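Quick caveat: nothing in here was measured; it's all calculated off a predicted structure.
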Amino acid sequence: MKPEKKIEPGEQLLSVENVTLRFGGVKAITDVSFDIRKGEVRAIIGPNGAGKTSMLNVINGFYHPQEGRITYRGETRAKMRPHVAATQGIARTFQNVALFKGMSTLDNIMVGRTLKMHKSFFWQLFRHGPAMDEEIEHRKFVEEIIDFLEIEHIRKVPVGKLPYGLQKRVELGRALAMEPELLLLDEPMAGMNLEEKEDMCRFILDTKEQYGTTIALIEHDMGVVMDLSDRVVVLEYGIKIADGTPEEVKSNQKVIDAYLGVAH
Amino acid sequence: MEAYLVAIAIVAAIYVLLALGLNLQYGLTGIINFGHVGFFCVGAYTAALLAEKGWPPLLSFSAAAALAMLAAWPMGLISLKLREDYFAIVSLGFSEVVRLVVTSEKWLTSGVQGITGIPKLFGGLATGLPNSLAVLAVLVAVNLLAIAAMRRIVTSPFGRTIEAIRDNEEAVKALGKDPAAFKIQVLMLGAALAGVAGAFYAHYIGYISPDQFIPLVTFQIWMAIIMGGVGRISGALAGTFILMLFLEGSRFLRDIMPFISEVEMASVRLGVVGLALVLFTLYRPTGLMGDFTRK
């Protein structure tokens, strides 16, 4: 269950302190600290292999760092399994679209809603009474998300048949169905054309406005990052090299050298 | 001839129960269960031993289902956190362990000699109908019930979650559900069906021994659901039908191929089913009732 405590916009929602993650002898993340404030869009950028996705995996419990602390909603967490992170309000999307390919758009998003469904298996089998009421209630919410993301036309289509850009959008919808407090997006715009990117940007900003969701995203398109995010953290080889507003980061010499490229 | 058809129908109906359970496990949830026959065996022995003690069928059948579930629980608890291919190995080992236990524990199961004289169901029926017809009717009813439940499961939130687990386990974790918990439940549900099938089998054949519960039984059910169409209820039905057609139909092959001896025929039967399986995977990989809306 979510703790009752309400965190006001601008307060610290999640903090990562001195986190180090190793895979055998390989250090994926070295002594990284940063925080995410309620209501902001926080970007994590860096060249390939910088440890960005590993960082997301640490935040939502797929990986367990050997050192360091993660504090979410004021509580320092012990080793945590991903489904526990989800129950505490952390949702995510994946770099390589992790949808349920055999299922329709509607069903995919409904699965995102499963967490909020509590009626037992036996009620579900009867398909009447409380389980049915619950299903209808959640279905309503899911339809709202479908309207919000403008994917009404593909509700019944198996997602495996959808173009990549739409799959990414469905995945966002599935994460939104959890009504997360913190939404982690792993390269939400990778492989999209310009128009799809613009749509996705709009949905991310609308999500923030409409649902008050805090968003942490990994992205390669610098233009997108600079437009969307309130603050940016830059990783290189698993080490944090910069942290600040897009303007600050843009003018940081280390970042320019490492990531944006420099004329030699 | 009619008696023969009824006999085949009964065996087929037992196979359908097994196939429905496996379809729930593999077709819907993606659990690669190579030890299905283990639960079938637990059910058969439970029913046979309790019948000896004079338990009424309703109770002994429930006990067969319950014990099969109970066997599935610790096994799932230990091994369902493994990746699916490892679970396949563990489950195969499980069914062999079950078989070895019933072979060795002679005080309870009389070992390789098996249990004989298991009473026929509806033996005391005085309607004049052959009791095998009554058995078939009950089996069909149980199958219909199982199918109805299965259809409900598919469209329920539980069903959506297990299908999601089949398609992408990591994503399910990220959505706040623990796949292992769901997989254990599914394993137990499928085991219960296999347990009931075992109970029917024991009472119908009247004699059970360990060598009836070899892994081949598991693989025949696998063949059935692969040929019929994985993940579809109609697939479990159609697949069992095809399997029985081949297993039984190849008996008649003898009439056109008299040069094959009785012993060789057993191998030919298996060969024919194997060939059918290969042809299916080559030309109809989604099975006879395969879902063509999926990619």
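In this structure, A:Arg169 is not positioned above the aromatic face of A:Phe203 in the sense of NZ or CZ being under 6.0 Å from the six-membered ring centre and within 45° of the axis.
The closest side-chain donor-acceptor pair between A:Glu196 and A:Tyr164, if any, does not fall under 3.5 angstrom.
For the options A:Pro82, A:Ala85, A:Gly112, heavy-atom pairs under 4.5 Å to chain B are most numerous at A:Pro82. Comparing A:Val111, A:Asn108, A:Val84 by heavy-atom pairs within less than 4.5 Å of chain B, the highest count is held by A:Val111. Across B:Ala148, B:Ala164, B:Ala149, B:Gly159, the residue that shares the most heavy-atom pairs under 4.5 angstrom with chain A is B:Ala164.
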Decide yes or no on salt bridge (charged side-chain N to carboxylate O under 4.0 Å, His left out) for A:Lys140 and A:Glu143, but give the supporting numbers first. CA-CA 5 Å; A:Lys140 247 183 225 157; A:Glu143 293 291 351; over 6 Å; no
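Within the 4.5 angstrom heavy-atom criterion, atoms from both the backbone and the side chain of A:Arg174 approach chain B. A:Leu99 touches chain B through its backbone: at least one of N, CA, C or O sits under 4.5 Å from a heavy atom, while the side chain does not. Contact annotation for B:Ile162: neither backbone nor side-chain heavy atoms come within less than 4.5 Å of a heavy atom of chain A. With a 4.5 angstrom heavy-atom cutoff, A:Asn60 touches chain B only via side-chain atoms.
In this structure, B:Tyr201 and B:Phe40 have tilted ring planes: the angle between them lies in the 30° to 60° band. Ring planes of B:Phe158 and B:Phe182: tilted class, angle from 30 to 60°.
Aromatic ring centroids of B:Phe94 and B:Phe34 lie 6.0 Å or more apart.
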